[in-house]
Amino acid sequence: MRATRCVNYGEPSALKVETMEDPVPAPGQVVLSVEAAGLGYVDALLVQGTYQVKMPLPFIPGSEVAGIIEAVGEGVSGDLIGERVMALSPRGALAEKVLLPVEACTTLPDDMSMEAAAGFLISYCTALYGLETCGKLQPGEHVLVLGAAGGVGMAAIDVAKAMDATVIAAASTPDKRDAAKAHGADMVVDYSDTNWRKSLDAMLEKRGVNVVYDPVGGAFSETAFRCLAPGGRHLVVGFAAGEIPKLPLNLALLKRSSLVGVDWGGELRADPGFNGPLLHKLCDWVVDGKIHPEPTASFPLEEAGDVLQRLLTRKMVGKPVIRMGA
Ligand SMILES: NC(=O)c1ccc[n+]([C@@H]2O[C@H](COP(=O)([O-])OP(=O)(O)OC[C@H]3O[C@@H](n4cnc5c(N)ncnc54)[C@H](OP(=O)(O)O)[C@@H]3O)[C@@H](O)[C@H]2O)c1
């Protein structure tokens, strides 16, 4: 099989496609013929060796896949061969085949494309967990999504709209703001402008937002917290800006608002069963047309390293997906 392997930590653009042995399923495992793999900012950090958890070398990057089950190990029903599924694969997605425990696989809704499914699990489950479970988002509330044209941000726009919220998308360039709007955002704000809080106040007639969805961190976080209305919830999702911000605690008091940590991966590790109902709900929303998880762009395997590099350098618009055989 062809695969992209990381042998040394470093710039993702140095990754190369290699030919490797096909995997063989052990008991309880399946071999997935990968059709598409979703990429995110964390995958780029893992290749650099700068993520909070280091992946032992060598490894095949990529954490989420969609494809067709082509072989099963002992104890797994042969009826599953040919099934269209999506799965988290903590490593190994940037390959034509991947080994997975059978219980990691979820059957795709009929009309869901492989590209949509490959970029779905992490960003959409995080969005629903963040907005509903952690953020207690209510219909009619206003949500400010930072990094709104990133993979995690785009999913948050879609899920917040499905929950009948009004979405303000913050992004740094006109093409990113256009993409956020095309994905359902009601309003957009250029948060690279130092006066962006004033623009937001003008848009909302100083009413403030009820929820901030923050996968970015850095200097944006404190400004966003200051935009909260009383009773607001600032959801800490990630730190794509690189800097972990420090918030003066008096702001929580003055704004009568809370800071809420959102660690979907941590929750999954603590309670592997918790995600089933969440994913079930999201799949129903796909079938009902309430959410629209299409990736913004798909690329061949040979370009995976460049795609990861673009994520690190803030040059990607939307959720990128690698299409095998493209
Ligand atoms: N908590 C959880 O459970 C969970 C789950 C999944 C991912 N995450 C986290 O979510 C974050 C976003 O992931 P993603 O895959 O959506 O990434 P992404 O597609 O690269 O989007 C991140 C966005 O952050 C903004 N940004 C601001 N400063 C940046 C910088 N210096 N470098 C790169 N981007 C910058 C960019 O938008 P602008 O150019 O518009 O500013 C970019 O679109 C990551 O930190 C990841 O660890 C958390």
Side-chain angles (χ1 to χ4, degrees), residues 12 37-48 50-53 61-64 88 90 93 118-135 144-159 168-181 183 185 188-193 196 212-221 223-224 234-245 259-270 274-275 278 293 295-297 306-321:
L39 290 178
Y41 189 76
V42 171
D43 297 307
L45 294 182
L46 284 167
V47 171
Q48 274 196 324
T50 51
Y51 190 55
Q52 57 213 23
V53 181
S63 320
E64 47 185 347
L88 290 177
F120 183 64
L121 273 168
I122 296 177
S123 49
Y124 274 79
C125 289
T126 302
L128 185 56
Y129 171 66
L131 292 169
E132 187 178 67
T133 312
C134 305
L144 170 64
V145 178
L146 307 188
V152 165
M154 289 284 228
I157 295 174
D158 208 9
V159 169
I168 304 107
S172 65
T173 63
D175 57 335
K176 288 183 178 187
R177 292 191 290 279
D178 288 348
K181 200 131 202 206
H183 207 57
V188 291
V189 63
D190 175 6
Y191 72 163
S192 66
D193 175 352
W196 69 275
V212 172
Y213 192 85
D214 181 2
V216 180
F220 303 112
S221 296
T223 311
H234 184 120
L235 304 176
V236 181
V237 180
F239 308 100
E243 182 203 330
I244 297 180
L259 196 64
V260 187
V262 176
D263 184 5
W264 172 73
E267 189 73 43
L268 193 62
R269 284 187 293 279
F274 107 97
N275 200 49
L278 209 79
T296 315
D306 289 336
V307 169
L308 291 172
Q309 199 73 44
R310 283 167 68 182
L311 285 168
L312 281 180
T313 50
R314 217 173 165 179
K315 293 200 177 89
M316 180 60 65
V317 180
K319 178 77 180 177
V321 159

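Start at 1 and go down the list; that is how both ligands and their atoms are numbered. The figures here come from the full heavy-atom set of this structure, side chains too, leaving out hydrogens, waters and symmetry mates.
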May I ask you to decide if Ala155's main-chain N or O and Asp158's side chain share a donor-acceptor pair within less than 3.5 Å?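 Such a contact is absent between Asp158 side chain and Ala155 backbone.
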
Any donor-acceptor pair under 3.5 Å from Arg177 side chain to Ala171 backbone: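 Indeed, once roles are kept as given, a pair shorter than 3.5 Å links the two residues.
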
When you measure from [atom] to every protein heavy atom, which one gives the shortest distance, and what is it?
{"atom": "atom 21 (O) of ligand 1", "value": "Gly150 CA, 3.3 Å"}
{"atom": "atom 47 (O) of ligand 1", "value": "Val42 CG2, 3.2 Å"}
{"atom": "atom 32 (N) of ligand 1", "value": "Ala240 O, 3.2 Å"}
{"atom": "atom 48 (C) of ligand 1", "value": "Val237 O, 3.0 Å"}
{"atom": "atom 19 (O) of ligand 1", "value": "Gly151 N, 2.9 Å"}
{"atom": "atom 20 (O) of ligand 1", "value": "Leu311 CD2, 3.5 Å"}
{"atom": "atom 25 (C) of ligand 1", "value": "Tyr191 OH, 3.8 Å"}
{"atom": "atom 26 (N) of ligand 1", "value": "Arg314 NE, 3.8 Å"}

Is there a heavy atom of Tyr129 sitting under 4.0 angstrom from any atom of ligand 1?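 Heavy atoms of Tyr129 never come under 4.0 Å of ligand 1.
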
Just to check, does Val236 reach to within less than 4.0 Å of ligand 1 when the distance is taken from its heavy atoms?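 No.
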
Backbone or side-chain N or O of [X] under 3.5 Å from ligand 1 N or O:
{"X": "Lys176", "answer": "yes"}
{"X": "Gly147", "answer": "no"}
{"X": "Trp264", "answer": "yes"}
{"X": "Met316", "answer": "no"}
{"X": "Tyr41", "answer": "yes"}
{"X": "Ala170", "answer": "no"}

side-chain contact (heavy atoms from CB on, under 4.5 Å), paired with Val262, selected from Asp214, Leu235, Thr133: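 Option passing the side-chain contact (heavy atoms from CB on, under 4.5 Å) with Val262: Leu235.
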
Consider side-chain contact (heavy atoms from CB on, under 4.5 Å). Of Leu146, Ile157, Val159, Val152, which one does Tyr213 pass it with?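 The residue from Leu146, Ile157, Val159, Val152 that satisfies side-chain contact (heavy atoms from CB on, under 4.5 Å) with Tyr213 turns out to be Val152.
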
Which distance, rounded to the nearest 0.5 Å, do you find between the [atom1] of [X] and the [atom2] of [Y]?
{"X": "Glu64", "Y": "Ile122", "atom1": "CD", "atom2": "CD1", "result": "4.0 Å"}
{"X": "Glu243", "Y": "Ser221", "atom1": "CD", "atom2": "OG", "result": "8.5 Å"}
{"X": "Leu268", "Y": "Asn275", "atom1": "CG", "atom2": "CG", "result": "5.5 Å"}
{"X": "Tyr41", "Y": "Tyr51", "atom1": "OH", "atom2": "OH", "result": "11.5 Å"}
{"X": "Ser123", "Y": "Met154", "atom1": "OG", "atom2": "CE", "result": "10.5 Å"}
{"X": "Lys315", "Y": "Asp306", "atom1": "NZ", "atom2": "CG", "result": "11.0 Å"}

I'd like to check which ligand 1 atoms, numbered from 1 as shown, lie under 4.0 Å from a non-hydrogen atom of [X].
{"X": "Ile122", "answer": "6 (C)"}
{"X": "Phe239", "answer": "45 (O)"}
{"X": "Ala171", "answer": "40 (O)"}
{"X": "Val262", "answer": "1 (N), 2 (C), 3 (O)"}

Trp196 vs Tyr191 aromatic rings, parallel, tilted or perpendicular, using cut-offs 30° and 60°?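 If you compare the ring of Trp196 with that of Tyr191, the planes turn out perpendicular.
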
On a heavy-atom basis, which atom in [X] and which in [Y] lie closest, and how many Å separate them?
{"X": "Leu278", "Y": "Cys125", "value": "CD2-O, 3.6 Å"}
{"X": "Val237", "Y": "Thr126", "value": "CG1-CG2, 4.0 Å"}
{"X": "Arg314", "Y": "Ser172", "value": "NH2-CB, 3.6 Å"}

Applying a heavy-atom cut-off of 4.0 Å, say which part of Val152 lies close to ligand 1: side chain, backbone, both or neither.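 Both backbone and side chain.
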
Can you tell which of Ala180, Ser172, Gly266, Gly40 gets a heavy atom nearest to atom 39 (O) of ligand 1?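 The residue whose heavy atom sits nearest atom 39 (O) of ligand 1 is Ser172.
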
Which option, Pro215, Gly153, Ala241, owns the non-hydrogen atom nearest atom 10 (O) of ligand 1?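 When every heavy atom of Pro215, Gly153, Ala241 is considered, Pro215 comes closest to atom 10 (O) of ligand 1.
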
